[in-house]
Every structure is written in structure tokens, then in C-alpha cells.
Amino acid sequence: MVFSSNIFLFAFLPLFLAAYYLTPNRGRTRNWVILGASYLFYGWWRLDFLALFAATTVANYLIGGRIGDEALGRTAQRRWMQAGVALNLAILGYFKYANFGVDTFNDLVTSFGGSPVSFAHVLLPIGISFYTFESISYLVDVYRKDVPPTKHAVDFATFVSLFPHLIVGPIFRYKDLAEQFAHREHTLALFGWGAKRFMQGFVKKVFIADTIAPLANYCFSLSDPSTADVWLGATAFAVQLYFDFSGYSDMAIGLGAMIGFRFLENFNAPLISQSVTEFWRRWHISLSNWLRDYVYIALGGSRKGEARTYFNVWMTFFLGGIWHGANWTFVFWGALQGAMIFLERVNGISGHVRDFRWRRFLPATVATLVSFLVFRADSIGHAMHMYAAMFFIDRVGGFSAPVVGFATGLQFAALALGIGFVVLEGLREFGPKLTLGSPRFRAAAAAVILFPAFVLAISKLLSQGYTPFLYFQF
Amino acid sequence: MKNVVITESEARWYRILGALFIALLVPVALIALPALFAVTPPAAPSAAAAKAPSVLDGTRQQRLEAGFDEAFPGRRLSLNLWAAFELVVFGNGRPGVVVGRDGWLYTDEEFRLLDRADQHFADNVAYIRSVARVLQQAGIPLLVTVVPAKAVIHAEHLGRRHPDPAHRALQARTLAALAEAGVPALDLTPAIVAGGAAGATFFRTDTHWTPYGARLGAEAVVAALRERGLASEATRQGDHRMVAGATREHRGDLLSFLPLDPYFASLLPPPDTVTVETPEAPAAGGDDLFGDAPVPAVALVGSSYSANPLWNFRGWLEAGLDEPVANYAKEAVGPFPPMAAYLAGDDLRAAKPRVVIWEIPVRAMLAKPDARRMSAVPATLAPRP
């Protein structure tokens with residue numbers, strides 16, 4: 001089930017909240033309620049894969065205990081950490097990349113006239129990219145002594161399975177939440193703040209992302225899109241992806257606050273970025289932090305000279321690209337991100353800017369749209385076919401007849417609303433100090449404006465059926 | 001934001017918001033609870049034979065969720081609300097319909113140009129040519145009758161949106177392509193336009209022609225068959241007369257793309273009316289000593305324009321030809337799959353028709369061929385061993 005569904009809103013969530021708040025807040029009893037609900041949430045997709053999820057959780061907990069056992073000695077602790085990381089990567093590698101690997105091998109073999117290898121299709125467990133990364137972070141943090149191994153299995157199991165973030169992140173680190181498993185504050189005001197964030201995310205997802213989705217999908221489905229079609233598709237996809245993903249993160253943060261958790265932010269107005277480096281400081285922040293702490297630093301970070309630093313930067317984003325999916329498009333996308341950040345570093349372009357310059361913003365936005373195109377395309381060939389139109393090499397022209405016939409006023413209105421929201425984000429950060437009233441005024445506005453918008457979004461959801469989250473099977 | 005700081009002045013409003021959130025969720029959840037036990041029936045008969053849903057692979061959960069969505073209270077109101085919003089603010093219905101003026105609705109298939117439309121056109125012409133060839137080899141004449149687009153015949157009621165130029169030129173393009181392919185084809189546009197002054201030839205809220213429009217089309221087909229010497233030479237006995245029935249309201253198929261009722265029914269176009277005319281049935285068995293009805297010598301294949309008895313295209317053909325017509329047309333699949341089924345069937349092999357009339361709505365020429373429903377044209381129509 002997904003957050004923007006009737007079954008979650010009006011069956012799972014009310015029942016869970018009732019069970020949670022009716023459970024006495026003693027010790028870790030409420031953590032058991034979260035754990036049970038989270039397993040029900042995950043098992044709603046497929047009960048058979050819940051077994052895999054539970055098994056990896058148990059294995060990581062036990063390995064974490066071994067890593068944290070000082071009596072073993074540092075060498076043994078490191079070996080346990082490496083074994084745990086390898087186990088998680090092996091599981092991720094098999095379920096996520098086995099099909100891709102076999103298909104690629106078969107393409108190569110058949111191109112030389114050989115016979116392809118027969119291989120049963122492996123189903124990708126939902127959320128596997130997120131929960132394996134979180135488990136890896138726990139093992140490494142225990143090894144680095146950033147956090148002691150937890151003695152409470154329920155805490156670790158709840159950390160991995162916490163349903164607000166289970167399927168699509170944010171990617172948490174255990175050390176950031178450890179204290180909160182022992183003690184959380186529960187107030188109606190915090191609950192209400194969480195409800196506000198949840199409703200914000202819901203409205204972003206349903207009103208904007210879901211409305212734009214058919215337009216973006218259609219542009220990418222065209223056999224011979226024109227220049228205008230491609231730019232429209234790339235823009236629509238960028239806005240759709242941002243509102244879909246950040247909307248989901250808002251809902252996750254809001255759900256966490258409803259049960260007393262305080263999560264880190266995952267997005268910070270990324271579409272106003274003035275460089276690719278800045279973009280990655282604002283977009284999917286939990287992922288870029290994870291990549292920094294567990295890949296970049298593991299590779300040596302900036303400690304091994306300039307050339308090695310540049311390579312580490314490139315490799316970090318290259319691996320980050322591969323994490324997103326089993327397709328050459330993600331490999332290309334990751335390499336492209338790494339290359340752009342590498343070039344910015346070489347040219348001294350900072351990811352921290354205090355003012356707004358169109359000469360920085362426009363190239364960064366173009367770079368974002370260009371890279372989102374390959375991210376969304378079905379294949380490298382598909383991406384190249386679209387790039388030919390995008391860069392005025394082929395099919396240069398205005399909107400094609402199929403797009404004109406397909407696009408609706410509502411889709412363009414949602415796209416304009418999304419772009420308008422991004423502009424507001426930019427004005428809030430760089431514009432004349434646009435204080436939209438006092439904090440009390442903003443809280444009141446949330447109650448007066450956001451709540452009716454949320455009710456309307458629910459009715460829209462009822463009228464349109466089901467639209468899955470874009471990061472659903474990552 | 002790890003440490004959320006909520007000031008006391010904000011806290012009051014957040015408490016209100018939290019209370020509102022609970023006040024929304026709990027009552028709706030209680031009202032919706034019975035919907036949790038609604039089960040979605042299988043979508044098609046074949047689905048009943050499919051594997052039983054299981055919790056292990058999540059199929060039971062999916063069915064439960066689908067049933068919950070379907071039965072969720074307020075669903076119809078939400079559907080009506082957003083349909084009304086799109087209609088009033090943007091002048092649009094759901095994908096599938098184009099809203100014109102004066103209560104006229106059109107199918108968007110006569111407006112939109114699909115991706116690879118030219119390829120689809122070429123593929124469809126090739127298919128028609130193959131069919132004509134195999135029928136010709138079997139000594140069976142074919143007459144393709146091309147039904148013009150409602151959006152072209154009744155362009156005076158178009159709103160802001162107009163058909164793509166490719167659709168406006170499609171009738172002429174189709175007839176030219178079929179002529180070049182050597183396929184006999186009849187353009188129904190002159191007959192329908194000429195008769196338009198005397199009555200409505202298309203429904204306002206339906207994709208299809210009225211019984212009057214179908215009659216004009218049928219009369220043009222009969223005239224074309226007589227001209228080609230393909231009409232029966234037997235003395236006309238007037239066995240296939242029409243009998244007028246009652247006039248009643250007709251809810252056009254395009255209204256399903258405007259889900260405004262019941263809450264915003266006032267925004268719907270006024271209903272069409274239809275006078276149902278049906279053939280007066282001839283004596284069973286005709287002149288046959290044993291009462292067996294002979295297989296009609298005229299076969300009609302086509303789309304819902306021929307299949308739906310409400311517009312009575314077949315009936316008007318029978319009246320004009322004064323002989324029975326076997327109807328192999330089907331609804332909801334377009335004009336090509338029924339021809340594929342007819343060529344693959346036994347009737348054609350058991351009794352060779354004198355002529356096959358193939359009714360094709362012109363917009364189908366730009367539609368993607370339905371590979372699932374269209375088997376390859378057989379090489380021969382020889383009887384099967």
C-alpha cells in the first residue's frame with residue numbers, strides 16, 4: 001500500500017494510531033506496535049518477501065552485535081563488518097541487478113552468435129535499496145564506534161522497518177534515531193505539526209505530481225518527439241519527480257512526527273540550485289549524506305591528494321547512479337552526475353551560494369533537465385533519440401500533433417502550479433525578505449488553507465484511481 | 001530539521017490541525033469500514049479460472065484494496081466533483097471525449113493524432129488490401145464502406161478544439177489509398193451530407209449515427225451494389241419492411257466520459273431521443289419446405305456502427321436489398337478484428353456469400369492495429385478438411 005491510497009488513510013493509519021496511543025508508553029511497548037504495523041505494511045505487498053526482510057533484519061542485528069563486541073578485537077570486528085556489508089550488498093546485488101546482469105551478458109553473447117543463458121526473472125523486493133543501505137550504515141557506524149550496538153532487538157528491527165520511510169526513504173542512520181527509540185515526546189501540537197507535513201506531502205503528490213504524470217509519460221512515449229516535446233517532457237518529469245518524491249518525504253516526516261519521531265529533512269528546494277553540486281546538497285539529502293559517509297569517505301575522501309579526490313567524487317556519484325536502478329541509463333546518469341560535479345570542483349564552483357545569479361541558475365537548471373532525461377528514458381538509445389531533438393540536431397520544431405491532442409488544461413495548470421511553487425521557494429531564499437507572516441500566522445494558514453486542500457486532494461484521489469510512487473521499486 | 005521547535009503561539013493552531021486531522025480520519029474510517037469487505041469480482045470470465053488470490057504473493061491484498069476503493073463512500077461524489085471542475089474551468093471531459101457547443105459531444109479519436117499515425121494508416125490499408133485479395137481469390141466481391149467522422153460532418157457544433165488536419169483529410173486519403181490498392185470502396189459522405197437537411201444523421205451525445213443516418217448509409221450501399229450488379233435479381237417481395245417503434249431517450253456512449261451524475265447532472269447535455277425502427281420479421285424459414293433459413297448471401301462485417309441494432313444499419317440494408325443480411329459486425333473492438341474473425345470462421349467456408357460489405361469508420365484507419373485480436377489474413381478460403 002502507498003500513503004496516497006484509501007486503504008492507508010482510512011484503514012491502516014487510523015487503526016495504527018489507535019493501537020499506538022492506546023498502548024501504554026512504558027519502556028519499548030510502543031516500538032513493538034510500530035514494528036507490528038510496519039511488518040503488516042510491508043507484508044501487504046507480498047507476504048513471502050516479508051520473510052526475506054525479517055531474515056536480513058535478524059542477520060544484521062546479530063552481525064552488529066558481533067561488530068560491537070570489544071572482546072573480539074579490532075581485526076575480527078572489521079571482518080564482521082566487512083562480512084555484513086558484503087552480505088547486504090550481495091542481497092541487493094542479486095535481487096536488483098541479477099536480471100540486468102544476465103540480460104546484458106545475453107545481449108553480448110548473442111551479438112557474437114552465441115546462445116543466451118536461461119535465467120528465471122528475479123522479482124525486486126520493494127524498498128530493498130533503502131533498507132540494505134540503512135543496515136549497512138548501522139554496521140559501519142557500530143564499527144566506527146559512532147553508535148554502540150543496540151541491545152534492544154526491537155529498536156533495530158523498528159529502525160529498519162519503520163513504515164513511514166520503509167519503501168521510499170528517507171535513508172536513516174541508526175545513530176540519528178537511537179535515542180528516539182528509547183524516549184519520544186508525544187504532544188497534540190507535535191502530532192498536528194506532523195499532520196501538517198503529511199497533508200502538505202499528500203497535496204504535492206496528488207494535485208501536482210499525479211496530474212503531471214500522464215503528460216510526462218506521454219512525451220517520453222513518443223516515437224519521434226520534437227524539440228518542444230522533449231523539453232516539455234523533461235520539464236514535466238522534473239517537476240513530477242520533485243513533487244512526487246519530496247511529497248512522499250513530507251508524508252514520511254509527518255507520519256514520524258505523529259508518533260513522536262523527529263526526522264531529518266530530505267529536500268531543500270533543489271530546483272532553485274545554481275550548480276549541480278548545490279543540487280545534490282538539496283536533493284535526496286539522506287542519500288547524498290549516505291554516499292558521502294559510506295562511499296566517499298571509505299574511498300579515501302579528500303585525504304589522498306587532488307587527483308584521487310576527484311576520482312572519489314566521480315566514483316561516489318557513479319555508484320549513486322547505479323543504486324537508482326538496473327539499467328544502463330542509471331549507469332550513464334550516475335557517471336554524468338559525477339562528471340559534472342568533478343568539472344565544478346575543478347573550476348572552483350561551490351555548492352554554497354549566498355545570492356542568486358541567472359548566469360549560474362540557468363546552466364544548472366539545463367544540466368538538471370538534461371540529466372533527468374536519461375534518468376527517465378527507457379534505454380540509452382531512447383535517451384539519445386530524445387537528446388537529438390533536445391539539442392536541435394533532429395526534429396527541430398514546436399509541439400507535435402500527438403502532444404497537442406493529448407495535453408489538457410489541467411495538466412498545464414498543475415505544471416504551472418509546480419513551477420510557481422519552485423519560484424516561491426527561490427523567492428523565499430533569495431528574494432526580498434518575504435516573510436509570509438509570523439510563525440503563528442503560517443500555522444493558522446496551514447489549518448485554514450491546507451486542511452481544505454487536503455480534503456480536496458482526497459476527493460481527487462478517489463476520482464483518479466491509483467498512481468504509484470516513482471521511487472516505489474528502488 | 002531534527003529538532004522541531006513549536007512556539008506556544010503556533011502550538012494552538014497545530015493542535016487544531018491535529019484535531020481536524022483526527023476528526024476527518026476517524027469518522028470516514030468508520031463509515032468506510034464495510035467497504036473493506038467488498039470484493040472486486042473478476043474482470044472477465046477468463047479471470048474466474050485464474051489462480052485463486054493468495055496473501056503470499058499479495059494478490060489477495062490487491063483484491064481487497066481494489067474492492068475497498070470501488071466501494072469507498074464518496075467515490076461517486078468525488079468523481080462528479082472533479083469532472084464538473086474540469087468541464088467548467090477547462091471545458092474538458094475525461095480523456096475520450098471532446099466537448100463541443102450546443103450540447104454536442106465527439107469522440108477524441110476523431111481529433112487526436114496518435115504517435116506513429118502514418119504507420120498505422122499504412123498497416124491498416126495493407127490489411128484491407130490483403131483481405132480484398134483473399135476474398136477475390138475465392139470469387140467473393142468486397143465493398144468497403146467508409147463512414148465519415150462525426151466531427152467533420154457536424155463541424156458546426158465544434159467548440160474551441162478542432163480535429164487535427166490529418167483527421168479532416170482522412171476520408172479523402174483513405175478512399176485514395178484504397179483506390180490505389182484496387183479495393184472497391186464507397187464514400188458515405190455525400191449521402192449523409194445530402195440527407196442531413198431532412199434529419200439528424202448523428203446523435204449529439206453518441207459517437208454513432210442515428211437510425212436515419214444509418215438508413216442514408218444503407219441506401220447508398222444498396223445503390224452501389226445495384227450499380228455493380230451485386231444486388232439480388234430475385235423479385236422483391238417486400239419481406240424486409242421496417243416497423244417504427246416508440247420514441248425514447250437515448251443516453252449516448254460519450255456521456256460515460258462526463259461522469260457528472262447524479263450530483264452535477266444539470267451540467268450534462270440534454271439527452272438524445274431515438275425512434276427505434278426494426279425489420280418486420282419475415283415468416284420463419286421463408287419458402288423452404290422444411291422451414292430452414294438459408295445462409296444469407298450478403299455478409300456485413302464491421303464495427304458498432306453495424307453491430308448495434310439500435311441504429312439498424314443491417315435492417316436498412318435488408319430493406320433496400322429485400323433479402324436477409326448476415327451480420328458479423330462486433331461492438332467495442334473496431335472494424336478489423338471482426339473481419340479477422342469472419343475470415344477465420346466456418347460460415348464463410350460453408351456458404352460463399354454473394355458479396356461482403358465491410359463497414360469501416362474512417363477514424364479507425366489511424367488507430368493502432370490490434371495485434372492481439374487480428375490473426376494474419378489466411379492465404380486461402382478453401383474449405384477445411
Side-chain angles (χ1 to χ4, degrees), chain A residues 1 5-7 9-11 13-15 17 43-48 176 187-196 198-199 221-224 253 257 262-265 401-402 404-406 408-410 413 438-440 442-444 446-447 450-451 454-455 458-466, chain B residues 1-4 6-7 9-22 24-26 28-30 32-33 35-36 54-58 61 64-65 68-69 72 74-75 77-83 85-86 89-92 95 108 111-117 119 164-166 259:
Chain A
M1 73 180 87
S5 66
N6 296 318
I7 196 86
L9 270 181
F10 299 111
L13 186 60
L15 289 171
L17 290 173
W44 190 261
W45 169 62
R46 287 182 69 112
L47 205 59
D48 45 6
D176 294 332
T187 65
L188 185 54
L190 182 61
F191 182 94
W193 184 92
K196 181 199 83 168
F198 181 84
M199 288 189 277
S221 74
L222 293 170
S223 56
D224 291 310
I253 290 168
R262 296 162 187 253
F263 297 154
L264 293 168
E265 290 292 341
V404 169
F406 181 87
T408 65
L410 186 62
S438 63
R440 183 176 69 170
R442 289 199 293 275
L450 182 58
F451 185 75
F454 175 63
V455 173
I458 292 172
S459 79
K460 186 161 195 307
L461 184 73
L462 285 172
S463 75
Q464 77 191 18
Y466 168 88
Chain B
M1 172 247 84
K2 191 165 170 194
N3 294 309
V4 179
I6 302 173
T7 63
S9 59
E10 289 173 293
R12 177 169 165 257
W13 285 103
Y14 284 134
R15 283 193 285 268
I16 291 172
L17 201 55
L20 282 173
F21 187 77
I22 295 168
L24 173 68
L25 243 58
V26 172
V28 175
L30 288 172
L33 202 58
L36 203 56
S54 158
V55 291
L56 278 182
D57 63 7
Q61 293 88 305
L64 193 69
E65 194 166 340
F68 189 66
D69 286 342
F72 197 83
R75 186 162 189 264
L77 171 61
S78 299
L79 204 56
N80 287 180
L81 181 69
W82 284 97
F85 173 77
E86 276 204 73
V89 175
F90 297 106
N92 292 337
D108 76 349
F111 287 71
R112 282 183 51 200
L113 205 61
L114 294 181
D115 191 33
R116 296 185 202 259
Q119 184 61 52
D164 187 274

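Computed from a prediction, not measured in an experiment: that's the story for all the values here. Quick note on labels: first sequence line is chain A, next is B, and so on, each numbered from 1.
Residue with the most contacts toward chain A among Ala19(B), Ser9(B), Ala11(B): Ser9(B) (heavy-atom pairs, distance under 4.5 Å). Comparing Pro14(A), Ala444(A), Gly194(A), Ala11(A) by how many heavy-atom pairs each has under 4.5 Å with chain B, the most go to Ala444(A).
Between Leu462(A) and Phe72(B) there is a side-chain heavy-atom pair separated by less than 4.5 Å. At a threshold of 4.5 Å between non-hydrogen side-chain atoms, the residues Trp44(A) and Leu64(B) count as touching. Between Phe21(B) and Leu13(A) there is a side-chain heavy-atom pair separated by less than 4.5 Å. Considering only heavy atoms from C-beta on, Leu410(A) stays 4.5 Å or farther from Asn92(B) through its side chain.
Note: Leu33(B) CG to Phe10(A) CZ = 13.0 Å, rounded to the nearest 0.5 Å. Considering OG of Ser459(A) and CZ of Phe85(B), their distance stands at 10.5 Å, rounded to 0.5 Å. Remark: Leu114(B) CG to Phe406(A) CZ distance equals 10.5 Å, nearest 0.5 Å. In this structure, the separation between CZ on Phe451(A) and CG on Leu20(B) is 4.5 Å, given to the nearest 0.5 Å. How far CG of Leu461(A) is from CZ of Arg75(B): 10.0 Å, rounded to the nearest 0.5 Å. A distance of 7.0 Å separates CZ of Arg116(B) from CG of Asp224(A), quoted to the nearest 0.5 Å.
Here the shortest heavy-atom pairing between Ser223(A) and Asp115(B) reads N-OD2, 2.6 Å. What you find for Ile6(B) and Ala189(A) is that their closest heavy atoms are CD1-O, 3.8 Å.
With hydrogens and angles ignored, the 3.5 Å screen pairs no side-chain donor or acceptor of Gln61(B) with any backbone N or O of Met1(A).
Neither the backbone nor the side chain of Val404(A) comes within less than 4.5 Å of any heavy atom in chain B. With a threshold of 4.5 angstrom between heavy atoms, Val55(B) approaches chain A through its backbone and through its side chain. If you measure heavy-atom distances from Ile22(B) to chain A, the contacts under 4.5 Å come from the side chain alone. Proximity to chain B (any heavy atom under 4.5 Å) is restricted, for Ala413(A), to the side chain, taken from C-beta onward. The contact between Ser221(A) and chain B is made entirely by backbone atoms, counting heavy-atom distances below 4.5 Å. In this structure, chain A has heavy atoms under 4.5 Å from both the backbone and the side chain of Leu56(B). With a threshold of 4.5 angstrom between heavy atoms, Asp164(B) approaches chain A through side-chain atoms but not through N, CA, C or O. Interface remark: Tyr14(B) contributes backbone and side-chain atoms alike to the contact with chain A (heavy atom separation under 4.5 Å).
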| request: Quick one: do Ile458(A) and Leu24(B) satisfy side chain to side chain contact (heavy atoms under 4.5 Å, CB included)? Show the steps, please. | output: CA-CA 11 Å; Ile458(A) 292 172; Leu24(B) 173 68; 3.9 Å; yes

